[in-house]
Amino acid sequence: MTNDQPQPYNSAKIKGNNMTTKIRTRFAPSPTGYLHIGGARTALFNWLFSRHNGGEFVLRIEDTDQQRSTDESTKAILDAMAWMGLNWDEGPHFQAQRVDLHRDMVQKLINEGKAYVCTCTPEELENKRKEALATGKKPKYDGTCREKNLKKSPGSVVRFRGAQTGITLVKDLIKGNISFNNDELDDLIIERGDGYPTYNFAVVVDDAMMNITHVIRGDDHVNNTPRQILMYQALGFDVPEFAHVPMILGSDKARLSKRHGATSVMAYKEMGYLPEALVNYLVRLGWSHGDQEIFSQKELIDYFTLDNVGKSPAVFNPEKLLWLNAHYIKEANPARLMEEMKPLWSAGTDATDAVFTKKVIADLQPRVKTLLEMADMANFYFTDSIQYEEQAAQKFLVPEVAAHLKAMASAIPTVRNFSKEGLEEFLKTFIEERGIKFKIIAQPLRVALTGKTVSPGIDEIMVTLGKDRVVQRINAAIAAIENRNK
RNA sequence: GGUCCCAUCGUCUAGUGGUUAGGACGCUGGCCUCUCACGCCGGAAACCGGGGUUCAAGUCCCCGUGGGACUACCA
């Protein structure tokens, strides 16, 4: 028989006679750091795909690297997923707790002659690799131990006996068919010297045993896929569907990393981003639904399919994320934002008066892009004594306006309807009676109330601050004018 | 080096042989206006190159070029 034909494999996909197979996806991060943007999008796609199809989403922590895995990382990843609303139906499973299973599978392969023990040392391998590279050859395991039929010994590893001829076809739901010549594939190590399975083996065993039907993961795994398919077959498992999503790049088109700015999901929470903004931004990186930009969670679940995931890598654009964040802040309910703001207020801000705080938030919602920005902009509301910006005071807190301010300070207590409408009416009559344009007192008033030249609308501020504070601040401004001109 | 993937405005993308190549972020002109935002109206801005196939190519094929990933006893 010729070996040129793609080897067919059984697919776990729903087949005509097996309509009951439930779609199961998984997210399988390794706990070697926080959840980063790229991982978050992979998790999101898996979550959306399972939700869209009424399937199940499994979380598995791949902690077989004993050196680098930490419990803190696991917790950080779980927290970040919870924040984004990516709830899982099963798990978290911990891969390291499944090593007995992995070892049994390794032994099964050895018994069947599909894997073998190798005693080459890392140093020897490294030297061979260097030599091969130097002479322009493939840095691939040379098969020294392949036919030796060695027994396990301290430090020995187990290698998978790969096919050396033929073609393996990866049927990727996003990229289409990709074929690999089996002779390009290594006899890779499936059990390390320390007795732990390696990623490429454990992932196959676990995905198969957990009945994962669709493996949706980063593009960086495509080259691993043919060997994994070979292992599914060697183990007698059905091969799942694969979907490899393109990478997320930084502004210089290199793989996104710390030097491009924040890459940790939770860093965005701390910077005052709303989870729905991040989710909405991330989903549009690689996926689209016509011209729509804003999606509710329900719409995402309704619309998400792998068909609409693009093939090309995407550059992470913080500006657009910021725009989405501003959008969601604008749309959010002030009561909800009050909760989100709790850890973000500036030191010294007493946000215990819920009614007042909610008004502050409502004033600021349309003009901030992050919650941190809101905290900063809100400072003047909460202070007892306004600090005037030097330039602002110099320009607007001048003797010419003192009389107007005094008149206003004495008129305000008589305002009966201290609402936006009532104040508009009051201000209108006030300037008419004094024969001035609103412009004449607008900026001085703003500086008196906020200390700054930029702020929400004057009527909004006054309503939020309330009569007493307004009068007190105007009087303070009058005093400041008089003091500075003594 | 080898293997594999990718290629529409600066960026995210729509587009599935016939479109004035659409939308969004950003940039920008204007309107609104008590400042700043918001909002609204307008503008500049793209099919990587070369060959095919076809009456017709951003769309299909090939070759370049450019980017990326993998090439570990990491995942």
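Chain letters run A, B, ... following the sequence lines, proteins first, then strands; residues in each count from 1.
- Residue-level contact check: Glu293(A) touches the bases, meaning some heavy atom is under 4.0 Å from a base atom.
- Summarising the geometry, the separation between CG on Leu324(A) and C1' on U11(B) is reported as 13 Å, rounded to the nearest angstrom.
- Within the 4.0 angstrom heavy-atom criterion, base atoms lie near His221(A).
- Of all nucleotides present, only G52(B) satisfies the Watson-Crick or G-U wobble test against C60(B), with each distance under 3.5 Å.
- Straight-line distance from the CG atom of Asp363(A) to the C1' atom of C34(B): 15 Å, rounded to whole Å.
- Note: CD (Glu460(A)) to C1' (U35(B)) measures 12 Å, nearest angstrom.
- A close approach under 4.0 Å does occur between a side-chain nitrogen or oxygen of Ser288(A) and OP1 or OP2 of A14(B).
- If you check every strand for non-hydrogen atoms under 4.0 Å, Gly218(A) touches nothing.
- Residue-level contact check: Cys120(A) touches the bases, meaning some heavy atom is under 4.0 Å from a base atom.
- Distance check on atom C1': A7(B) versus G15(B) gives 15 Å, rounded to whole Å.
- Of the two residues near RNA chain B, Glu319(A) and Gly290(A), the one whose nearest nucleotide lies more 5' is Gly290(A).
- The NZ-P distance, from Lys253(A) to C48(B), rounds to 12 Å in whole Å.
- Contact check, Thr64(A) against A75(B): a side-chain N or O comes under 4.0 Å of OP1 or OP2.
- Because its NZ or CZ atom is not both nearer than 6.0 Å to the ring centre of Phe160(A) and within 45° of the ring axis, Arg227(A) does not count as a cation-pi partner of that residue.
- As rounded to the nearest Å, C61(B) and C5(B) have P atoms that lie 13 Å from one another.
- Taking the C1' atoms as reference points, C9(B) lies 12 Å from C27(B), given to the whole Å.
- A cation-pi contact links Arg41(A) to Phe45(A), judged by a cut-off of 6.0 Å to the six-membered ring centre and 45° from its axis.
- Rounded to a whole angstrom, the distance from the P atom of A21(B) to that of A44(B) is 14 Å.
- At the phosphate of C70(B), OP1 or OP2 sits under 4.0 Å from a side-chain N or O atom of Arg255(A).
- Taking 4.0 Å as the cut-off between side-chain N and carboxylate O, Asp186(A) and Lys140(A) do not count as a salt-bridged pair.
- Counting non-hydrogen atoms under 4.0 angstrom, Pro313(A) reaches the backbone sugars and phosphates but no base.
- Considering only side-chain atoms of Phe180(A), the nucleotide from C4(B), U35(B), C25(B) that sits closest is C4(B).
- The partner of U3(B) is A69(B), judged by Watson-Crick or G-U wobble contacts that both fall below 3.5 Å.
- Annotation: U13(B) and C48(B) have their P atoms spaced 15 Å apart (nearest Å).
- Judged by closest nucleotide on RNA chain B, Asn317(A) is the one of Asp63(A) and Asn317(A) placed further toward the 5' end.
- With hydrogens and angles left out, the side chain of Glu184(A) and the base of G2(B) share no donor-acceptor pair within 3.5 Å.
- Rounded to whole Å, atom P of C74(B) lies 9 Å from atom CD of Gln67(A).
- With both ends at atom C1', the span from G22(B) to G30(B) equals 24 Å, rounded to whole Å.
- U65(B) and G50(B) are spaced 15 Å apart, taking the P atom of each and rounding to whole Å.
- A close approach under 4.0 Å does occur between a side-chain nitrogen or oxygen of Lys311(A) and OP1 or OP2 of C6(B).
- Taking atom CG of residue Leu169(A) and atom P of nucleotide C4(B), one finds them 12 Å apart after rounding to whole Å.
- Here Arg129(A) reaches the OP1 or OP2 of A72(B): one of its side-chain N or O atoms lies under 4.0 Å away.
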Given ring pair (Phe, Tyr, Trp, His ring centres under 6.0 Å), test His327(A) with Tyr281(A) step by step and report yes or no. CA-CA 12 Å; His327(A) 168 82; Tyr281(A) 178 70; over 10 Å; no
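- Taking every side-chain heavy atom of Ser312(A) into account, C6(B) is the closest of U71(B), U35(B), C6(B).
- Using a 3.5 Å distance cut-off with no hydrogens or angles, the side chains of Gln66(A) and Arg192(A) do not pair a donor with an acceptor.
- In this model, no donor atom of one side chain and acceptor atom of the other lie less than 3.5 Å apart for Tyr303(A) and Asn308(A).
- The residue Leu285(A) sits close only to the backbone: its heavy atoms come under 4.0 Å of sugar-phosphate atoms, none of a base.
- In this structure, Pro226(A) reaches neither bases nor backbone, as no heavy-atom distance under 4.0 Å exists between it and the strands shown.
- Of the candidates C73(B), C6(B), G1(B), C73(B) carries the atom nearest the Thr198(A) side chain, counting heavy atoms from C-beta on.
- Salt bridge status for Asp206(A) with Arg26(A): absent, with no side-chain N to carboxylate O gap under 4.0 Å.
- Among the heavy atoms of the strands, none lies under 4.0 Å from Tyr281(A).
- With distances taken from any side-chain atom of Lys439(A) to the nucleotides C74(B), A24(B), C34(B), the minimum falls on C34(B).
- Proximity of Lys369(A) to the phosphate of A37(B): no side-chain N or O atom is located under 4.0 Å from OP1 or OP2.
- Set against U11(B), G39(B), C73(B), the side chain of Val157(A) has C73(B) as its closest nucleotide.
- For C38(B), its base never sits under 3.5 Å from the side chain of Arg367(A) at any donor and acceptor pair.
- Salt-bridge formation is detected for the pair Glu126(A)/Arg129(A): a Lys NZ or Arg NE/NH1/NH2 atom is positioned less than 4.0 Å from an Asp or Glu carboxylate oxygen.
- Across the protein-nucleic acid pair, Asp172(A) atom CG and A69(B) atom C1' stand 14 Å apart, rounded to whole Å.
- Within 4.0 Å of Asn224(A), counting heavy atoms only, lies at least one base atom of the nucleic acid.
- Aromatic rings of Trp88(A) and Phe27(A) (six-membered ring for Trp) have centroids beyond the 6.0 Å cut-off, not under it.
- The nucleotide A24(B) finds its pairing partner in U11(B), both defining distances of the Watson-Crick or G-U wobble pair being shorter than 3.5 Å.
- Under the Watson-Crick and G-U wobble criteria, each requiring two contacts below 3.5 Å, nucleotide C36(B) is left unpaired.
- Candidate nucleotides U13(B), A75(B), G22(B) were compared by shortest atom distance to the side chain of Asp291(A), and G22(B) ranks first.
- For Val222(A), the side-chain atoms get nearest to C4(B) when compared with the rest of C12(B), C4(B), U35(B).
- Lys452(A) comes within 4.0 angstrom of nothing in the nucleic acid, heavy atoms only.
- Across the protein-nucleic acid pair, Asp252(A) atom CG and G10(B) atom C1' stand 14 Å apart, rounded to whole Å.
- Taking the side chain of Met247(A) as heavy atoms from C-beta on, and the options C12(B), U71(B), G68(B), the nearest nucleotide is G68(B).
- Counting only heavy atoms from C-beta on, Arg227(A) has its side chain closest to U71(B) among U71(B), U35(B), U13(B).
- Put simply, the side chain of Tyr268(A) gets close to the backbone of Ala262(A): a donor and an acceptor are under 3.5 Å apart.
- U16(B) and C63(B) have their P atoms separated by 27 Å, with the value rounded to a whole Å.
- Applying the 3.5 Å distance criterion, the base of C34(B) shares a donor-acceptor pair with the side chain of Asp459(A).
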